[in-house]
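Taking it in order: structure first as structure tokens, then the write-up.
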Amino acid sequence: MLIRNAPDVPRSEITPKSVYLQRRQILAGIAGLTGLAAFGSGLAAAPVAAKRSAFSTDETPTRKADATSYNNFYEFGTDKADPAANAGSLKPAPWSVKIDGLVAKPATLTLEDILKPVTLEERVYRLRCVEGWSMVIPWLGFPLADLIKRAEPLGSAKYVAFETLVRPEEMPGQRGLFQPLSWPYREGLRLDEALHPLTLLATGMYGETLPNQNGAPLRLVVPWKYGFKSIKSIVRISLLETQPPTTWQALASDEYGFYSNVNPEVDHPRWSQATERRIGEGSGLFAKRRPTLMFNGYGDQVAQLYAGLDLRANY
Ligand code: MTE
């Protein structure tokens with residue numbers, strides 16, 4: 001996100017028009033969940049049956065091939081194609097997540113421990129990246145609140161901090177001379193944001209387990225915030241009294257704030273946030289731009305979290 005000046009795609013990533021028109025025809029014939037597919041990891045992803053949540057948008061989902069090949073996951077490189085090309089080396093099992101800080105029941109839980117008591121549901125969410133593009137993704141997951149409540153937050157807990165895996169042997173972006181970020185990748189939410197029913201911990205997408213490049217085996221999805229808040233491959237969740245530092249804010253606090261709510265009225269210092277390009281709706285000269293919606297269109301559910309807060313100062 002800091003690497004390029006313009007928030008758009010290089011020529012090499014522009015899909016020829018004939019190809020995307022053909023893709024659209026195929027897509028038109030395949031509604032809803034698709035069948036089995038092998039992902040970049042080389043593993044066949046297991047199909048998961050789940051009820052679709054009422055929080056879902058009825059907009060057409062982005063093609064799975066786009067959502068799994070146009071990614072930001074700097075642990076695997078800074079180019080959009082790098083995560084799909086390089087994330088095969090990530091080992092998403094066995095996996096455990098440490099929950100600590102201001103909780104009555106700190107624990108290190110395996111993925112199996114985490115999933116045992118939860119019912120996965122499908123949530124079709126819009127995801128708006130700070131760079132100016134968006135997708136519609138059918139996630140499989142469960143509310144983050146379910147997991148946080150199991151740890152029993154203390155009254156003093158006001159924030160939640162998240163960390164991604166640090167494992168240079170498996171993550172080429174964490175090795176070598178050029179390190180675009182300092183690791184671990186960190187994110188944070190206010191506790192009330194973390195407990196909001198829209199805030200999802202995802203373990204899958206498109207009816208299958210998460211591909212590595214999308215944050216296997218467990219990632220956050222906060223649909224009313226810019227995509228970088230949706231931290232991937234989580235290994236630690238900490239409850240805190242004070243606002244935690246986050247990766248992008250630490251790197252460039254004038255460009256990326258703690259809140260990072262999608263807001264068409266507050267521009268990024270280097271580009272407007274008023275419109276967005278939906279991946280799959282053409283690129284380059286053919287790119288159709290849609291108006292960006294306040295809170296990414298989730299204002300009815302979340303605006304009250306920010307009553308009285310100056311959203312220009314708290315970007
Ligand atoms: N999480 C980690 N650990 N590392 C990252 O580089 N990129 C973020 C977010 N989560 C990122 C991350 C950004 S900028 C975006 S837009 C979304 O992941 C992209 O998610 P997707 O690739 O599943 O669409």
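As the structure lists them, so they are numbered: ligands from 1, and atoms in each ligand from 1.
By the 3.5 Å distance cut-off applied to N or O atoms, Tyr74 is counted among the residues near ligand 1. Ligand 1 has an N or O atom lying under 3.5 Å from an N or O atom of Arg219, backbone or side chain. For ligand 1, one of its N or O atoms has an N or O atom of Ser230 under 3.5 Å away.
Residue nearest to atom 4 (N) of ligand 1, selected from Glu75, Met171, Lys232: Glu75 (by heavy-atom distance). Across the listed options Asn71, Leu181, Asn72, Ile234, Asn72 owns the non-hydrogen atom lying nearest to atom 14 (S) of ligand 1. The option from Phe76, Tyr185, Phe73 that lies nearest to atom 12 (C) of ligand 1, judged by heavy atoms, is Tyr185.
Taking the ring-ring contact (aromatic ring centres under 6.0 Å, His included) definition, one finds that Phe162 meets it with nothing, sequence neighbours left out.
Within the structure, ligand 1 lacks Gly215 among the residues with a heavy atom less than 4.0 angstrom away. Contact analysis leaves Glu187 out of contact with ligand 1, as no non-hydrogen atom separation drops below 4.0 angstrom.
With a 6.0 Å cutoff to the six-membered ring centre and a 45° limit on the axis angle, Lys229 does not count as a cation-pi contact of Tyr259. Taking the ring axis of Phe295 as reference, the NZ or CZ atom of Arg128 does not stay both within 45° of it and closer than 6.0 Å to the ring centre.
Under the 3.5 Å distance criterion, the side-chain polar atoms of Glu170 are matched with a main-chain donor or acceptor of Lys91.
Taking every non-hydrogen atom of Thr164 and a distance limit under 4.0 Å, the qualifying atoms of ligand 1 come out as 3 (N). The atoms of ligand 1 that sit less than 4.0 Å from any heavy atom of Cys129 are 16 (S).
For the side-chain hydrogen bond (donor to acceptor under 3.5 Å, both in side chains) criterion with Trp224, the lone passing option out of Thr199, Asn261, Asn263, Asn296 is Asn261.
The other residues sharing a hydrophobic cluster with Val136 are Val124, where clustering joins ILVMFWY side chains under 4.5 Å apart.
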Please step through salt bridge (Lys or Arg N to Asp or Glu O under 4.0 Å) for the pair Glu122 and Lys51, ending with a clear verdict.
-> CA-CA 6 Å; Glu122 185 177 67; Lys51 226 178 99 196; over 6 Å; no

